[in-house]
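Note: hydrogens, waters and symmetry copies are ignored here, and every other heavy atom, side chains too, is used. Please read these numbers as outputs of a predicted model, since none were measured by experiment.
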Amino acid sequence: DLHSFPTRRSSDLWIKAQDFLRAKLPDEPYKVFANIPFHLSADIVRKLTSNNEMHAPRSIYLIVQKQFAQKIVPSDWHFTSQLGTQLAPWWQTRIRRPLRRTDFTPPPAVDTVLLELKPRPEPLLPTLEHDKYQSFVAKCYASQKAFAAVPRAKASINPERKPSELTPEEWVGYILCRNFHIVDERGIILVAHSFISGSSPSGKALGFGPSIRYPEIEERRVGKECRS
């Protein structure tokens, strides 16, 4: 019972008994380190990475089930969950270290790891594209028919691959090709101009640059690059 644990505060520590999913997050920069309930892992990650919060955490470290973490971290050797795909343009994720069952009392029945999430220094998409991108990914994961209707060849994506098999760069590349222009927080129209070397999981990162404000030029420019 949360009400049996009063809120306590000292000079450098504030202990607050409250349902975390209903709690207001700090309005100032902060970090998160937590051993969370495994059955609430997805809900907690969504809350911490939500675009609706005033300040995103500088970094997040969560003790989670190994299987959950593997699905969030993009990789060439296992599939990526819907949540992992939705996070990828704005968050870097990795398994910081595996944990032993004997590290806990009582020991858990499943393997656990320390999951790290950090905001990307250079997001793959502007924040204004957040809701549209997440909605699009959710529809593709929920319906094979909806995903099959996506003209993936336009973005040089093998039509035989499943949503969970695409890399973050392929998702973002398709979004940009599909829209042929997007607007950033400053109101500047941006287009995808190239794949450049980077430190993303697949070794590539998307580059952005201001485009000329003429739709016919933008459409021709992006169409050419999406097909290349």
Side-chain angles (χ1 to χ4, degrees), residues 1-121 134 137-138 140-142 162-168 171 199-203:
D1 184 2
L2 291 176
H3 298 291
S4 63
F5 296 94
T7 297
R8 296 182 178 181
R9 189 172 190 174
S10 64
S11 59
D12 57 356
L13 179 65
W14 186 6
I15 302 175
K16 188 172 184 179
Q18 185 178 7
D19 181 348
F20 176 76
L21 295 178
R22 298 182 180 181
K24 182 180 181 298
L25 297 183
D27 291 332
E28 56 189 9
Y30 65 101
K31 297 181 181 181
V32 175
F33 193 103
N35 183 4
I36 62 177
F38 291 165
H39 71 288
L40 296 178
S41 295
D43 291 336
I44 290 174
V45 169
R46 287 192 185 97
K47 179 177 178 65
L48 289 171
T49 59
S50 171
N51 192 42
N52 298 324
E53 298 298 337
M54 182 67 69
H55 291 285
R58 289 179 174 175
S59 56
I60 303 170
Y61 297 93
L62 302 176
I63 296 175
V64 298
Q65 187 174 348
K66 180 180 179 180
Q67 185 179 24
F68 172 81
Q70 287 179 330
K71 293 177 181 179
I72 279 191
V73 179
S75 171
D76 294 333
W77 56 275
H78 61 72
F79 71 87
T80 305
S81 67
Q82 175 183 314
L83 178 58
T85 296
Q86 290 174 320
L87 292 175
W90 296 278
W91 292 85
Q92 295 174 318
T93 57
R94 65 169 174 161
I95 294 177
R96 190 62 184 260
R97 63 173 297 174
L99 301 173
R100 299 169 298 182
R101 297 190 185 189
T102 54
D103 291 334
F104 304 88
T105 302
V110 296
D111 291 331
T112 59
V113 298
L114 182 62
L115 175 67
E116 178 188 79
L117 301 93
K118 288 186 175 183
R120 287 184 180 273
Q134 293 220 336
V137 169
C140 288
Y141 269 81
K162 300 176 182 179
S164 59
E165 297 174 336
L166 302 187
T167 67
W171 279 104
S199 56
S200 63
S202 66

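L87 is listed as a side-chain neighbour of L117, based on a closest heavy-atom distance under 4.5 Å. The closest side-chain heavy-atom distance from R96 to Y61 is below 4.5 Å. Side-chain contact between V64 and N35 is absent, with no heavy atoms from C-beta onward closer than 4.5 Å. Two residues are said to be in side-chain contact when any heavy atoms from C-beta on lie closer than 4.5 Å; V45 and L62 meet this criterion. L115 has its side chain out of reach of R94: every pair of non-hydrogen atoms, C-beta onward, lies at least 4.5 Å apart. T85 is not listed as a side-chain neighbour of P163, based on a closest heavy-atom distance of 4.5 Å or more. Counting only heavy atoms from C-beta outward, the side chains of F79 and K162 never approach each other to under 4.5 Å. By the 4.5 Å heavy-atom criterion applied to side chains, R120 and P89 are not counted as neighbours.
Annotation: ring pair (Phe, Tyr, Trp, His ring centres under 6.0 Å) contacts of W90 (sequence neighbours excluded): H130, Y133. Scored by the side-chain contact (heavy atoms from CB on, under 4.5 Å) test, A42 finds R46, F68, L83 as partners (sequence neighbours excluded).
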What's the verdict on side-chain contact (heavy atoms from CB on, under 4.5 Å) for F33 and L114, showing C-alpha distance, side-chain angles and the deciding distance? CA-CA 10 Å; F33 193 103; L114 182 62; 4.1 Å; yes

After noting the C-alpha distance and the side-chain angles of K118 and I60, does the key distance pass the side-chain contact (heavy atoms from CB on, under 4.5 Å) rule? CA-CA 6 Å; K118 288 186 175 183; I60 303 170; over 6 Å; no

Show your reasoning for whether side-chain contact (heavy atoms from CB on, under 4.5 Å) applies to S41 and I36. CA-CA 7 Å; S41 295; I36 62 177; 3.8 Å; yes

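Using a 3.5 Å distance cut-off with no hydrogens or angles, the side chains of Y141 and S164 do not pair a donor with an acceptor. For the 3.5 Å distance criterion, the side chains of W91 and T93 fail to qualify, holding no donor opposite an acceptor.
The two residues P37 and I44 come nearest to each other via the heavy atoms CD-CD1, 4.1 Å. Closest non-hydrogen pair, K31 versus R58, comes out as CG-CB, 4.1 Å. The two atoms that bring Q134 and Q86 nearest to each other are O-NE2, 3.0 Å, heavy atoms only. Closest approach of F38 and I63 over heavy atoms only: CE2-O, 3.7 Å. Scanning all heavy atoms of the two residues, the minimum distance from Q82 to A138 falls at NE2-CB, 3.6 Å.
Shown here is F20, whose CZ atom has more than 12 heavy atoms of other residues, nucleotides or ligands within 6.0 Å. No more than 12 heavy atoms of other residues, nucleotides or ligands shown are found within 6.0 angstrom of CD on Q67.
Taking NZ of K47 as the start and CZ of R22 as the end, the distance is 11.0 Å to the nearest 0.5 Å. The structure places NE2 of H78 at 12.5 Å from CD of E165, a figure rounded to the nearest 0.5 Å.
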Scan the side chains in residues 104-112 for donor-acceptor partners under 3.5 Å anywhere in the protein, sequence neighbours excluded, and list what turns up.
unit_1: D111; atom_1: OD1; unit_2: R101; atom_2: NE; d: 3.2
unit_1: D111; atom_1: OD1; unit_2: R101; atom_2: NH2; d: 3.2

